[in-house]
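Beneath this line is the structure, given in structure tokens, with notes to follow.
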Amino acid sequence: MSLWMYEMKKMFIHQKGLLFIGLFFVFSLASMILFDKPANPDIEMNASSYLHYLNQVQGPYSEETGRFFAEEAARMSDAKIALQKATDDYYDGKIGEREFLAATAPLEKLLQNEKGFQLIYEQYAYIREHPDNRYFLYTNGWDGLLSNDRLDFLWLLLLLVLVTPVFCFEFESRMDSLILTAPKGARHHAVCKVCLVLITVAALSLLSAGLRFGFYQLKYGLENGRYPLQSLTYFGTSAKPMTLFETFLGVTAGKLFGSLCFAILIMFVSVCMKKYAFTLFSCTALILLPYFGLRLESSKYVLPGPLGFMVSTGFFRGNEYKRNPFKDQMDVVFREVSNTAWVLVFAATLGLSIGMFAAILIRQTNGWSAGKRNAGRRASFLLLVFCLAASALSGCTASGNKGKSDIYNYASMQSFENERYRFYVDETDLEHIRIVFEDKQTGVKRDFIRNPMPALTRVANTIYGNGTYVYYMKYDSDKSGVMETVTRFAVVEVDTKTFRERIIFEKKLSADQNALLGLAKANARDAGFFLTVSSFFLDERNLYFIGQNEIRRVHRRTGDMSVILRLPASTSVAFDGRTIYYANEKSQVVKYDTKTGSETVIPDLVTRSFVLTDTELLFLNRKDQQKIYALDLRDSTLRKITDKSALRFECDRQYIYYVNKSDLKKYRIDMEGQNETLVLD
């Protein structure tokens with residue numbers, strides 16, 4: 001008993017084990033509080049409307065559920081059509097204001113829950129593919145707890161600093177020779193140390209799992225733990241007949257086993273090499289090299305060793321495929337780990353751990369040879385470590401302008417003009433669409449983008465300009481190995497004085513690996529959004545991306561992203577450096593202040609198409625048969641530019657071009673509405 005007490009005191013007090021344990025739990029809780037984000041943030045943003053529908057369908061799929069969704073979808077569609085018709089009739093003067101309000105009030109009340117219905121309908125579309133093992137439930141809690149394959153780097157660090165000194169402390173202080181001369185040698189001490197370490201690691205592993213379970217229980221709730229695992233899309237293709245709570249227990253047990261094996265590995269290396277720094281480096285490398293180096297996610301789960309078990313969620317996933325847009329085929333991104341493969345990996349890992357434990361006892365037995373240095377054994381062990389690392393990686397690839405801003409209009413997202421150049425997307429050759437620039441003095445036209453590897457980089461056909469700076473978006477792809485994927489998204493700034501390029505924002509889109517602490521791992525939903533971006537603009541601190549009928553703001557330095565506006569399917573957008581102008585679902589133009597987050601509806605302005613200039617807002621007036629009007633931004637006065645109805649229009653710094661609604665011909669007029677001429681194609 002005295003030896004146990006001595007070893008516990010040395011481990012927790014002298015080697016500061018209690019301090020490291022306390023810091024681990026403090027930082028773990030703090031990181032979850034500060035950095036945890038819901039798997040589906042739209043659910044949290046529309047919680048009341050989402051829960052309104054979830055409470056009506058929660059549980060297994062049924063025919064009644066299918067009828068409910070069909071009827072509710074029809075109601076939503078009819079309500080949107082009726083609301084649009086009532087709005088058109090009101091602006092056309094067919095109905096009065098009182099009749100308009102009476103007709104639209106119940107429709108608007110129904111459509112308040114539209115976003116919640118869209119969210120639950122997405123879940124319904126997923127569940128009806130396999131209704132036998134997919135249930136309706138609130139997913140954010142269970143997704144946060146289970147739906148990831150991140151390695152807990154704080155836990156990895158704690159094991160290293162807690163376990164490494166257990167034997168290395170004696171080697172550093174030269175006490176190992178003295179202990180080995182004891183009558184029983186050091187075997188008794190070694191058994192005591194190993195048992196103490198394993199008990200401590202097991203207890204901390206269970207406490208850590210309990211902390212995570214409690215956090216997600218309090219933040220989101222973990223109800224319906226008896227629902228099938230496949231209710232979460234992350235495990236949608238899994239063949240494991242398990243419930244959500246059973247999966248949590250399985251993941252916890254796997255992480256416990258992996259942590260114990262890793263602790264034995266640390267002690268084995270420390271006993272063989274007797275070097276503190278080398279033990280830390282080699283053990284870290286044996287975990288991180290395959291974790292970051294393996295291209296296929298599922299590969300780490302079929303390698304003997306602690307890594308796969310320290311993650312564990314992959315043992316419960318099924319086969320997953322991703323469509324390759326370049327090859328028009330489905331590429332495998334995850335292979336399911338069968339029960340047979342799991343048993344083999346478990347047996348191999350257990351056998352290695354038992355072998356390492358036996359080696360620890362052997363190394364701690366012969367007291368008379370403690371002071372001798374066996375260079376051959378050390379060299380062999382060193383070779384073994386590097387061979388393990390090499391085998392783990394075999395067959396794998398290595399892994400603006402400040403001050404006044406120019407006006408941005410969504411309608412002119414493919415062109416920009418400054419004092420010297422005109423930039424635009426050249427579509428004359430449909431097989432070679434590219435961004436070009438033209439010198440306004442000489443008329444010489446050149447390619448704007450210098451892309452030495454067009455097969456690996458795709459440039460989006462949209463630009464944003466501000467003074468002498470022009471910005472464009474590009475997507476980088478990886479064609480190595482068996483799969484081609486879009487790996488990175490970037491916004492590039494070009495100084496048109498020197499034509500030097502600088503990346504001002506970059507986002508990793510491939511979510512197969514994690515960055516340090518998992519804080520920079522690409523979220524699948526965010527990555528999907530960047531693939532749909534149709535246009536963008538920026539200010540001094542943020543970029544604003546338009547895609548998926550919404551505008552998202554991304555901080556240029558931190559990368560934090562948030563949805564600031566939701567837009568109708570087709571609408572005009574403009575930006576003056578601070579204020580975003582957009583048309584809402586009622587065809588009203590709204591001003592959104594990016595500094596304060598406040599919104600202001602411009603009164604008596606009804607349109608779906610507008611263009612912003614430095615001093616005016618040009619628009620098709622819905623109240624006057626789609627004629628072109630101008631709103632003075634300084635005093636809000638209106639002036640009519642044309643007496644003819646237009647289907648659409650665009651403008652540059654001198655002229656307005658519009659398509660006449662009656663004869664479908666294109667005309668040009670000046671900003672004052674004079675000097676109209678027919679434009680010949």
Side-chain angles (χ1 to χ4, degrees), residues 30-55 58 111-127 136-150 212 215-224 231-236 244 313 489 505 507-511 514-515 517-534 536 541-568 580 582 592 594 597 599:
S31 65
M32 286 190 289
I33 294 174
L34 295 175
F35 302 112
D36 176 74
K37 295 181 180 180
N40 190 342
D42 288 338
I43 290 180
E44 303 304 317
M45 295 174 60
N46 303 274
S48 58
S49 58
Y50 171 76
L51 293 175
H52 168 74
Y53 288 105
L54 178 62
N55 292 333
Q58 185 167 296
L111 292 175
Q112 284 179 351
N113 293 325
E114 180 184 10
K115 185 58 182 179
F117 179 73
Q118 290 176 354
L119 292 170
I120 198 68
Y121 194 88
E122 291 175 3
Q123 199 170 352
Y124 162 69
Y126 165 73
I127 289 172
F136 290 94
L137 81 158
Y138 185 80
T139 58
N140 274 346
W142 288 108
D143 270 329
L145 185 65
L146 299 175
S147 299
N148 64 80
D149 63 348
R150 295 191 298 267
R212 287 180 54 80
F215 172 79
Y216 286 103
Q217 173 68 49
L218 291 175
K219 184 173 182 178
Y220 302 107
L222 295 173
E223 293 82 9
N224 310 119
S231 300
L232 304 180
T233 57
Y234 187 81
F235 301 97
L244 294 168
T313 50
F489 167 85
F505 175 75
K507 179 71 174 181
K508 179 182 177 184
L509 300 187
S510 56
N514 308 296
L517 298 180
L519 302 182
K521 181 182 179 183
N523 181 277
R525 290 181 179 272
D526 292 346
F529 170 79
F530 282 107
L531 293 174
T532 65
V533 170
S534 59
F536 72 101
R541 294 186 178 181
N542 303 293
L543 293 107
Y544 302 86
F545 296 102
I546 303 176
Q548 295 180 341
N549 295 338
E550 61 189 20
I551 298 179
R552 296 195 185 190
R553 175 167 55 198
V554 180
H555 196 281
R556 292 167 63 170
R557 181 174 58 84
T558 64
D560 290 339
M561 181 164 61
S562 59
V563 178
I564 59 172
L565 292 172
R566 300 196 182 279
L567 310 173
I580 299 174
Y582 72 97
Y592 175 85
T594 59
E599 290 186 283

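Keep in mind that the numbers below use all heavy atoms, side chains included, and drop hydrogens, waters and symmetry copies.
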Taking every non-hydrogen atom, the tightest pair across Y592 and L565 = CD1-CD2, 3.7 Å
Between atom CZ of F536 and atom CD1 of I551, what is the distance when rounded to the nearest 0.5 Å?
-> 14.0 Å
Using a 4.5 Å cut-off on heavy atoms from C-beta on, say whether the side chain of R541 contacts that of T594.
-> no
Pair Q123-Y53, side-chain donor/acceptor within less than 3.5 Å = no
Measure across R212 and L145 and return the closest heavy-atom pair with its distance rounded to 0.1 Å.
-> NH2-O, 3.6 Å
Between the main-chain N or O of G144 and the side-chain N or O of S147, is there a donor-acceptor pair closer than 3.5 Å?
-> no
Can you check whether F545 reaches F489 side chain to side chain, under 4.5 Å on heavy atoms?
-> yes
Spacing of CD1 belonging to I43 relative to CD belonging to E122, to within rounding of 0.5 Å = 8.5 Å
Distance-minimising heavy-atom pair for L222 and G141 = CD2-C, 3.4 Å
Y121 and F117 aromatic ring geometry - parallel, tilted or perpendicular at 30°/60° bounds | tilted
How many angstroms lie between atom CZ of R553 and atom CG of L543, to the nearest 0.5 angstrom?
-> 11.5 Å
Do Q58 and E223 come within less than 4.5 Å of each other through their side chains, counting heavy atoms only?
-> no
I would like to know whether D560 and K37 meet side-chain contact (heavy atoms from CB on, under 4.5 Å); could you show each step before the answer?
-> CA-CA 11 Å; D560 290 339; K37 295 181 180 180; 4.2 Å; yes
So, for V554 and G559, which heavy atoms are closest and what is the spacing to 0.1 Å?
-> CG1-O, 3.8 Å
side-chain contact (heavy atoms from CB on, under 4.5 Å) between R552 and F530, intermediate numbers included | CA-CA 10 Å; R552 296 195 185 190; F530 282 107; over 6 Å; no
Quick one: does F136's side chain get under 4.5 Å of I127's, heavy atoms only?
-> yes
Over all heavy atoms of both residues, which pair between R566 and D42 is shortest? Give the atoms and the distance, please.
-> NH2-OD1, 2.9 Å
Which of L244, L232, T233 passes side chain to side chain contact (heavy atoms under 4.5 Å, CB included) with T139? It is L232
List the steps and the verdict of side-chain contact (heavy atoms from CB on, under 4.5 Å) for L146 and Y216.
-> CA-CA 10 Å; L146 299 175; Y216 286 103; over 6 Å; no
Just by modelled atom types, is the N40 backbone N or O under 3.5 Å from a matching donor or acceptor in the N140 side chain?
-> yes
Check: N148 main-chain N/O paired with T313 side-chain donor or acceptor under 3.5 Å = yes
Could you give the distance from CD (Q118) to CD (E114), rounded to the nearest 0.5 Å?
-> 5.0 Å
Going from CG on N113 to NZ on K115, what distance comes out if it is rounded to the nearest 0.5 angstrom?
-> 13.0 Å
What pairs with K219 under side chain to side chain donor-acceptor pair (under 3.5 Å), at least two apart in sequence or on another chain?
-> D36
Do N224 and Y138 come close enough that some side-chain heavy atom pair is under 4.5 Å?
-> no
